[in-house]
Every structure is written in structure tokens, then in C-alpha cells.
Amino acid sequence: MSSQREENPQRQWSLQDFEIGKPLGKGKFGRVYLAREIKSKYVVALKVLYKEQIEKYRLHHQLRREMEIQTGLRHPNVLRLYGWFHDAERIYLILEYAHGGELYRLLRKTGHLREKQAATYIASLTQALAYCHQKHVIHRDIKPENLLLDHEGRLKIADFGWSVQSSLKRHTMCGTLDYLAPEMVENKAHDYAVDNWTLGVLCYEFLYGIPPFEAENQKDTFRRIIKVDLSFPSIPNVSADAKDLISRLLVKDSSKRLSLQKILEHPWINKNADPTGTCPK
Ligand code: ATP
Ligand code: MG
């Protein structure tokens, strides 16, 4: 797409600008199709949502927030939202196309990932989250289904449906920071560390093929999380460095979890992550 169009997400796109191709997936509220902008031949993914559904579930505020947050983010590991438009019944999101599909599918297909692959994804995710946190965005819904891969195997965070701009950011923007209680400021650090915990869970799942606190029912999972009931099976054989990183992320006290910067400096990442972020299957 031309830069003029990219700079202006509110530009009047319409369905006539696109050729629609094969379906790529089905979400809770709509479908995603491969599409090509006719003028530039630029290939994108078009996410189609039904207004009726959005209104029925009162999701318009959340959707608008998702769209606003995602259009403002520019990072190689964050799926781009180029723009959006709507007609009488539908809302269309023009998204960067992730040719490699869901990381989840790759994980289920191979059972678990090789350490080099896992470390590359964790490093990419950490960099993307550092960028988001710097922009005061907390994703809060990072899971393998929301991680897509591009044609070179580069990880892309998608689905900003549950992300939030931190309250501190809102206060800062309103210029009311002076009146903020210490626990509100504290709360910021707490909020952000949610994503760090998730990195630990994902790292474990990448390497072992199952999430660390899996249980028969939700109540038991909840109990295991509260206790941080963490154990490392002997199969598959996972390096001590990887276990060390996981143990430093799955820490109950959020202020004691390894910071994003420290993750990137961790020996396991240093030894295993591909610096280009690409990951052949
Ligand atoms: P939501 O959480 O917003 O209701 P969802 O998570 O159910 O939606 P999406 O994740 O947006 O739905 O899309 C559904 C599926 O379509 C994805 O899991 C993925 O397989 C495919 N898909 C979505 N976006 C893209 C994209 N940009 N490139 C390639 N495939 C995509
Ligand atoms: Mg999703």
C-alpha cells in the first residue's frame, strides 16, 4: 500500500479496493480472508466482523480500543493493522498477512519445539512486549493461538482484543499524575508483569508441549497457579538454562519476576535465539 494510505488509517477504504481470496480462519465474531489490494497488489488478511454480533455482545468499545491500539504499533513482531472500513452490516480490519499461520498449529504438529526455535520465539515476543510496554500497552491475552508466523517463520503478536493502555498512561495524558496514589503507580509494575509471567508459561509450553499448570479442571489449575506448583518432567530433555529462565519468570511476587531486559540477557536466550528472529520450521 502506498505510504500516504498507510499514514492515514481512516482513509476511505471499501470492499471494492480488494480482491477476496481463500478463508484463513474463523474467529469468535467473524472470519478472516486472504485479500489483495487491487491497485498496489499488496496482499493482506481481511478480518470481517458482523456489526450485529458486536452490538449484541456490546463489544464496540473494546473493538474500537483494539483497533486504535493496534494501528499505533509498529514493530516487526507485532501484526500490523493497516486500517479499517465498514458497510451496512460488517466491519473490515485490514491486517498484515501472516503466511505461516498459527504458532499453535506448529506446536501441536511437532509436540514441542526445539530449544533454538523456542528461544527465538521467546526473544521475539520479549522484544515485542518491551515495545508495547514502552507504549503503555499491556497485551494480557498472549497465548499460542494469538501468535502468528510470517513467511519466514517470524513471530507476530495478533489479537489486541484484551489489551489495555495502563491507567498510569491515561493519568499521564490527562496531566493528573500529581494526585496519583503510590499503589496506583505500584499497580503499573504489577500490570506489566502479567505479560512476563505469560512468557514463562509459554516458554514451558514451547519446550514441553503442555502448559505448566495444566490440570483436570479449572479449580485445580487455579490451585496450581496460586501455589506456583511448577515441576519439570524428565522427558523431553530440556536444558538447565531453559529451566532456569522459566523458574525466574514463574514467580508469585510480580516484582521479583525477571524483567524483559534481563530475559534478553539470559544465557539461554543468548546461546539459542536467532538474532534475525526468523525460524525455519
Ligand atoms: P477475536 O479474539 O478477535 O474474536 P479470534 O481470535 O477468534 O478473534 P483471529 O485470531 O483474529 O480470531 O482470527 C482467527 C484465525 O484466522 C486465526 O487463529 C488465524 O488462524 C487466522 N488469521 C487471523 N488473522 C490472520 C492473519 N493476519 N494472517 C493469517 N491468518 C490469520
Ligand atoms: Mg485469536
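First listed ligand is number 1; within each ligand, the first listed atom is number 1. The residues of the chain are indexed from 1 along the displayed sequence.
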No-hydrogen, no-angle side-chain donor-acceptor test under 3.5 Å, W268 and E115: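 The criterion, which ignores hydrogens and geometry beyond distance, is satisfied for E115 and W268.
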[Y]/[X] salt bridge by N-O under 4.0 Å criterion:
X: R64; Y: E68; answer: yes
X: R224; Y: D220; answer: no
X: E96; Y: K47; answer: no

Check: [X] N/O within less than 3.5 Å of ligand 1 N/O:
X: K47; answer: yes
X: L79; answer: no
X: E96; answer: yes
X: E102; answer: yes

Within reach of ligand 1, part of H99 (heavy-atom separation under 4.0 Å):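 It is neither; nothing of H99 touches ligand 1.
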Per-atom contacts, ligand 1 versus L148 - under 4.0 Å to a heavy atom: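 This gives 24 (N), 25 (C), 26 (C), 31 (C) as the contact atoms.
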Atoms of ligand 1 close to A45 [distance to a heavy atom under 4.0 angstrom, numbered from 1]: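 The atoms of ligand 1 under 4.0 Å from a heavy atom of A45 are 26 (C), 27 (N), 28 (N).
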Proximity of Y92 and F18 rings by center, below 6.0 Å: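 That pair fails the under 6.0 Å test.
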For the student: nearest non-hydrogen atoms of K271 and K116, plus distance: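 Closest approach of K271 to K116, heavy atoms only: O-NZ, 3.9 Å.
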